[in-house]
Amino acid sequence: MTLSTLATRHTQALLGALGRLARAPLATVLTLLVIGLALALPAALGLLVRNAESATGGFGRAVDMSVYLKSGVSLARADELAVNARAVPGVAAVKVISAAEGLQQFRQYSGFGAALDALPSNPLPNVLRIVPRPRSSGITALEGLRRTFARWPEVGMVQLDAQWVLRFDAILALARRLVSIAAVLFGAGVLAVIGNTIRLEILNRRDEIEVTKLVGGSNAFVRRPFLYTGMLYGFGGALLAWAVLEGAVLGLQAPVAHLASLYGSGFALTGLAGRELAALFCGSMALGWLGAWLSAHRHLRDIEPRA
Amino acid sequence: MIQFERVSKRYPNGREALTNVSFFVDRGELVFITGRSGAGKSTLLKLIAMLERPTRGTVTVNGRSTGVLKVRHIPAFRRHIGVVFQDHKLLADRPVFDNVALPLVVAGAPLKEIDKRVRAALDQVGLLGKERLAPMELSVGEQQRVGIARAIVGKPPLIVADEPTGNLDPDLALEVMRLFKRFSEVGVTVLVATHDLHLAREFGSRELTLASGQLTGGAADPLPSLVASR
């Protein structure tokens with residue numbers, strides 16, 4: 001068989017499948033709705049997690065550490081200590097925040113300006129702001145760093161505000177796992193829906209399949225239009241799921257932007273794009289193909305011509 | 001072309017449709033299979049078209065033993081046999097052209113050739129110009145001839161027909177039989193199961209007579225080798 005006849009056969013199977021779907025619009029639309037909504041749910045969850053990750057923008061990679069020096073330690077000594085701190089393995093950057101700068105910031109953000117003015121002298125110590133290397137931002141590595149600095153005689157206290165960041169990361173990891181589970185469950189649902197739809201279609205076209213086998217149609221030939229039907233269901237379902245998600249994103253964009261602005265963030269909700277979109281369509285079409293194949297494999301065998 | 005060696009066929013329900021049947025049909029022969037209904041005519045044709053496999057014995061068609069043919073080779077095997085049914089088995093939701101074209105589409109013939117050969121086949125059965133009609137718009141006799149056109153469109157070396165004239169009036173029946181005779185004259189082997197003895201004898205062809213699953217006449221000229229092996 002030449003390549004062009006093979007191409008002709010596939011085109012025929014595709015057009016035939018399209019035509020059949022178009023001739024039963026109501027049934028087709030209902031099936032597509034089921035598939036589309038089943039796909040939209042895990043995709044929406046995934047989108048939610050991805051947006052939450054970008055909204056909190058790389059928290060996990062910016063776990064700073066505040067090393068408070070004892071109150072008697074001078075700024076000059078603090079600069080020397082900063083040089084030493086830079087040499088500690090796992091430290092990416094060190095910034096010295098002098099007591100005066102600290103007071104300035106505190107006055108600006110705390111609202112206790114008047115109370116501070118009443119104090120006879122600056123109560124704040126000099127501080128080293130340590131930025132760990134990304135590789136050392138795990139909880140054990142951070143704890144190790146904290147202990148290293150705590151042993152220095154000039155250091156009064158080391159504060160590590162990583163706990164809530166780590167918790168947030170854990171929540172996101174949990175959410176990601178939930179997305180995977182939902183994707184598997186709903187994917188299985190889509191597989192079953194398409195498989196069953198194809199099964200009914202095969203039973204409806206029993207006579208045609210019999211005659212086709214009678215005149216020498218191979219199983220592959222008989223199966224092909226059903227595989228295309230399955231893939232078309234997958235494609236249509238993905239299209240519908242995409243539309244549903246775009247609609248949801250469009251509806252949520254304004255309130256989310258408003259909320260973000262209240263937090264002083266320029267965050268904007270985004271829909272599926274690029275690789276995510278490709279994954280949705282490819283995955284859905286693969287599910288359609290697989291569902292159709294399983295169904296066809298199971299049911300076409302049973303249809304043999306009788307005279 | 002067709003060789004049956006001590007073939008028996010027992011159906012799962014225990015009924016033995018054929019018992020120890022042996023015969024040989026040469027290339028280009030027109031052979032009638034006669035007998036009452038239930039005598040095993042249909043079973044015999046089903047064994048040839050690989051719709052059934054023999055319980056005992058060997059059926060050899062076109063040099064291939066059907067008993068050992070692998071399932072995946074059955075489609076290719078069937079493409080070399082044109083089958084005509086009494087109930088013609090046409091697809092009601094497709095026009096005549098598509099029905100006749102099916103064996104060629106299945107075989108992967110180019111579109112141009114399909115068009116040419118479908119018209120040629122319809123011309124041979126006298127239905128040229130009815131390509132676009134649905135089978136239900138045709139008379140029973142015309143539907144039967146569409147079935148025949150579908151059987152011959154792939155130019156198979158073997159045609160088997162089960163009661164092809166059962167629904168036809170005598171004139172049409174005669175015409176269909178003449179058509180089969182013409183095919184056999186150009187080298188196509190034709191087996192026709194019929195209960196119409198008069199029609200069969202009018203052609204002076206060989207006649208295989210079945211009664212209760214056994215061959216009672218016409219098994220003549222078995223292969224010399226077959227005789228020797230017994």
Side-chain angles (χ1 to χ4, degrees), chain A residues 1-25 27-28 200-229 293 296-307, chain B residues 11 41-53 71-94 98-114 135 146-147 149-154 156 160-163 193:
Chain A
M1 193 182 305
T2 66
L3 208 62
S4 80
T5 54
L6 198 68
T8 307
R9 284 179 158 205
H10 278 268
T11 316
Q12 279 170 347
L14 176 63
L15 292 180
L18 262 175
R20 231 166 270 280
L21 291 176
R23 255 171 278 155
T28 303
L200 292 176
E201 171 109 15
I202 287 174
L203 295 182
N204 272 337
R205 292 168 64 189
R206 202 188 170 93
D207 288 347
E208 184 189 336
I209 293 165
E210 252 181 55
V211 171
T212 306
K213 283 193 170 185
L214 201 62
V215 298
S218 63
N219 275 328
F221 180 88
V222 174
R223 194 163 50 209
R224 199 168 293 128
F226 294 107
L227 298 184
Y228 272 106
T229 306
W293 190 88
H297 182 70
R298 167 77 186 71
H299 298 287
L300 285 181
R301 254 191 331 202
D302 299 343
I303 302 180
E304 274 301 318
R306 298 156 304 177
Chain B
Y11 284 105
K41 303 192 295 285
S42 292
T43 300
L44 196 145
L45 294 186
K46 281 186 202 173
L47 287 173
I48 294 171
M50 278 259 20
L51 299 175
E52 296 287 353
R53 293 190 194 239
V71 171
R72 68 170 188 278
H73 292 140
I74 292 178
F77 175 87
R78 286 199 186 125
R79 280 177 220 150
H80 292 108
I81 304 176
V83 186
V84 181
F85 296 94
Q86 185 172 10
D87 63 351
H88 33 75
K89 291 201 180 289
L90 299 178
L91 299 173
D93 61 341
R94 298 182 187 194
D98 293 20
N99 267 288
V100 175
L102 193 58
L104 299 177
V105 173
V106 156
L111 289 177
K112 247 188 185 158
E113 198 187 330
I114 290 177
V146 173
R150 186 181 64 194
I152 63 170
V153 76
V160 295
D162 194 1
E163 301 282 4

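Naming convention: chains lettered A, B, ... in sequence-line order (proteins, then strands); numbering from 1 in each chain.
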Between [atom1] of [X] and [atom2] of [Y], what distance do you get to the nearest 0.5 Å?
X        : Y        : atom1 : atom2 : value
A:Arg205 : B:Asp93  : CZ    : CG    : 8.5 Å
B:Arg94  : A:Glu208 : CZ    : CD    : 4.0 Å
B:Leu102 : A:Thr212 : CG    : OG1   : 4.5 Å
A:Asn219 : B:Arg72  : CG    : CZ    : 12.0 Å

Problem set entry | Derivation of the side chain to side chain contact (heavy atoms under 4.5 Å, CB included) call for A:Val211 and B:Leu90 | CA-CA 8 Å; A:Val211 171; B:Leu90 299 178; over 6 Å; no

Exercise. Which residue out of B:Ile74, B:Ile81, B:Leu91, B:Val83 racks up the most heavy-atom pairs below 4.5 Å with chain A?
Worked result: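 Answer, by heavy-atom pair count under 4.5 Å with chain A: B:Leu91.
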
For this session: Mind listing the closest non-hydrogen atom pair of A:Leu214 and B:Arg78 along with its distance?
Result: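 A:Leu214 and B:Arg78 have their closest heavy atoms at O-CD, 3.5 Å.
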
For this session: Taking all heavy atoms of A:Ser218 and all of B:Pro75, pick out the closest pair and write down the distance.
Result: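 Of all heavy-atom pairs spanning A:Ser218 and B:Pro75, the closest is CA-CG, 3.6 Å.
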
Exercise. Using non-hydrogen atoms only, which part of B:Val71 is less than 4.5 Å away from chain A: side chain, backbone, both, or neither?
Worked result: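 For B:Val71, no heavy atom lies under 4.5 Å from chain A.
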
Problem set entry | Part of B:Leu45 within contact of chain A (heavy atom distance under 4.5 Å) |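 For B:Leu45, there is no contact with chain A at all, as no heavy atom is under 4.5 Å.
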
